[in-house]
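Worksheet for the structure shown next.
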Number of protein chains: 2
Amino acid sequence: METMTRTTTDTLTIRQMCDAFGVTPRTLRFYESKELLFPLRQGTRRLFSHKDRARLTLILRGKRFGFSLEDIRQLLGMYDPAGSNAAQLEKTHEIALERLAQMEAQRADLDIAIAELKGQLIEVQGRIARFRAAAE
Amino acid sequence: METMTRTTTDTLTIRQMCDAFGVTPRTLRFYESKELLFPLRQGTRRLFSHKDRARLTLILRGKRFGFSLEDIRQLLGMYDPAGSNAAQLEKTHEIALERLAQMEAQRADLDIAIAELKGQLIEVQGRIARFRAAAE
DNA sequence: CGTCATATTTACGTTAACGTCAACTTTGAT
DNA sequence: ATCAAAGTTGACGTTAACGTAAATATGACG
């Protein structure tokens with residue numbers, strides 16, 4: 001039969017987590033070691049909560065934007081209730097403002113790049129067409 | 001028709017290039033070794049043309065989007081007159097279409113991330129405000 | 001109970017993208 | 001002519017972000 005992972009809890013094993021997000025166990029353990037994820041333990045085994053899943057979503061998205069794991073770790077502080085003192089909150093706020101500016105700049109940059117790439121695409125298509133026309 | 005002997009440097013030395021783009025000599029030499037740049041030589045010294053500058057602009061932008069140098073190298077093929085045969089052009093076209101899709105996906109993703117980040121910012125600002133209110 | 005799949009820790013290996021030195025050579029200015 | 005500045009080629013070092021392999025543990029199942 002199948003291994004019935006009938007989980008009454010809303011936590012995922014490391015394998016379920018990997019399947020859900022398309023990453024390897026090594027990656028999840030690595031992220032935990034870097035304090036990006038904080039899975040619970042059932043004995044020695046990791047159990048990933050909903051919160052971990054939310055964080056992993058943000059981590060992977062951040063990576064797609066070219067952010068380093070350290071950048072991402074600091075950003076994740078915002079989603080934590082951990083900011084228990086004023087100084088912490090202030091710093092988190094500062095970092096977030098900085099990242100926001102970064103991302104908006106990146107967005108503008110991206111628009112330019114997309115426009116240019118489209119232009120070049122048309123160019124290349126033209127060259128291909130002329131190639132074909134000359135081929136007969 | 002036109003005279004072409006000018007003293008105005010149409011090319012830049014490696015140092016001028018570094019100052020203009022905020023990179024190190026090592027980086028430029030590295031990019032050359034990876035066939036991303038093709039500076040001319042005056043004896044043993046490198047001279048960077050306008051074309052090299054255009055390419056470097058694209059390289060640095062690509063990096064900001066999280067593309068690898070290899071990804072970027074392939075994309076740069078589009079800006080070359082090097083696509084001398086049909087197969088080459090076709091492949092370049094294919095790669096460009098792929099990157100374009102990637103970038104448009106990234107843009108959509110970025111919009112979501114920006115919106116979420118703004119939401120969290122408001123949250124954090126609220127927490128800070130409450131902290132201050134409680135501090136008196 | 002023994003087996004098997006799944007998990008864990010430890011630790012060394014790998015790739016990309018440069019940094020950093022060392023040991024020349026070249027060139028412009030004095 | 002010389003001397004410092006700027007440039008060159010190796011070649012080894014470094015960091016981030018994992019990969020990979022070995023030895024061990026644990027829990028479910030027949």
Side-chain angles (χ1 to χ4, degrees), chain A residues 1-9 11-49 52 55-76 99 102, chain B residues 7-9 11-49 52 55-76 99 102:
Chain A
M1 281 280 181
E2 276 184 39
T3 316
M4 262 297 149
T5 27
R6 154 103 190 139
T7 308
T8 12
T9 76
T11 60
L12 299 184
T13 69
I14 198 169
R15 183 103 298 279
Q16 293 171 327
M17 192 75 170
C18 289
D19 293 345
F21 287 90
V23 297
T24 70
R26 179 66 174 98
T27 298
L28 296 181
R29 296 191 191 109
F30 181 70
Y31 289 169
E32 181 185 6
S33 79
K34 293 288 176 168
E35 300 181 44
L36 292 160
L37 296 177
F38 306 93
L40 305 172
R41 294 305 180 103
Q42 163 189 288
T44 143
R45 305 192 158 174
R46 290 167 178 82
L47 287 180
F48 296 86
S49 67
D52 289 314
R55 293 174 72 93
L56 185 53
T57 299
L58 293 174
I59 293 167
L60 298 180
R61 187 154 66 200
K63 287 205 61 185
R64 266 175 270 139
F65 300 152
F67 287 147
S68 74
L69 291 185
E70 180 53 25
D71 282 347
I72 295 170
R73 194 186 61 78
Q74 295 184 333
L75 249 182
L76 284 175
R99 289 279 173 280
Q102 224 176 102
Chain B
T7 356
T8 63
T9 65
T11 59
L12 299 184
T13 70
I14 197 167
R15 184 102 297 275
Q16 293 172 326
M17 192 76 170
C18 289
D19 292 345
F21 287 89
V23 298
T24 70
R26 179 67 174 97
T27 298
L28 295 180
R29 297 192 190 109
F30 181 71
Y31 288 170
E32 182 184 8
S33 79
K34 292 290 177 167
E35 299 182 42
L36 291 160
L37 296 177
F38 305 94
L40 304 173
R41 292 306 179 103
Q42 163 189 289
T44 140
R45 304 189 159 176
R46 290 168 178 82
L47 288 180
F48 296 85
S49 67
D52 288 314
R55 292 173 73 93
L56 185 52
T57 298
L58 292 174
I59 292 168
L60 297 180
R61 185 154 68 200
K63 287 205 62 187
R64 266 176 270 138
F65 301 152
F67 288 144
S68 73
L69 291 183
E70 179 53 26
D71 282 348
I72 295 170
R73 195 186 61 78
Q74 295 185 333
L75 249 184
L76 284 176
R99 290 281 174 279
Q102 230 175 97

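Values in this document were obtained by computation on a predicted structure and should not be read as measured data. Sequence lines set the chain letters: A, B, ... in the order given, protein chains first and strands last, and positions in each chain run from 1.
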Please report the interatomic distance CG(A/Leu75) to CD1(A/Ile59), rounded to the nearest 0.5 Å.
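These two atoms lie 11.0 Å from each other.
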Inter-residue atom distance A/Leu76.CG - A/Phe38.CZ, 0.5 Å rounding
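CZ of A/Phe38 is found 8.5 Å from CG of A/Leu76.
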Please state how far atom [atom1] in [X] lies from atom [atom2] in [N], giving the value in whole angstrom units.
X	N	atom1	atom2	result
B/Asp71	C/dT15	CG	C1'	14 Å
A/Gln42	C/dT8	CD	P	10 Å
A/Arg41	D/dA25	CZ	C1'	13 Å
A/Leu47	C/dT8	CG	C1'	13 Å
A/Asp19	C/dT6	CG	P	10 Å
B/Ile72	C/dC18	CD1	C1'	14 Å
B/Leu12	D/dA6	CG	C1'	15 Å
B/Leu36	C/dA16	CG	P	13 Å

Would you say [X] reaches [N]'s phosphate, i.e. side-chain N/O to OP1/OP2 under 4.0 Å?
X	N	result
A/Lys63	D/dA16	no
B/Thr13	D/dG7	yes
B/Tyr31	C/dC18	yes
A/Arg46	C/dA7	no
A/Thr27	D/dG19	yes

A/Arg29 vs A/Arg26, nearer the 5' end of DNA chain C by closest nucleotide
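Counting from the 5' end, the first nearest nucleotide belongs to A/Arg29.
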What about B/Arg45, does its side chain sit under 3.5 Å from the base of D/dT8 through a donor-acceptor pair?
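Result: no qualifying N/O pair found.
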Of the candidate nucleotides D/dG7, C/dT9, C/dG19, which contains the atom at the shortest distance from the side chain of B/Arg15?
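Taking heavy atoms from C-beta onward, the closest nucleotide is D/dG7.
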Ignoring hydrogens, what is the shortest heavy-atom contact between B/Arg55 and B/Leu36? Give both atom names and the distance.
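Closest approach of B/Arg55 to B/Leu36: NE-O, 2.9 Å.
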Determine whether more than 12 heavy atoms belonging to other residues, nucleotides or ligands lie under 6.0 Å from atom CD of A/Gln102.
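Yes.
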Could you tell me whether A/Arg73 and A/Glu70 have a side-chain N and a carboxylate O separated by less than 4.0 Å?
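A salt bridge is present here (some side-chain N lies under 4.0 Å from a carboxylate O).
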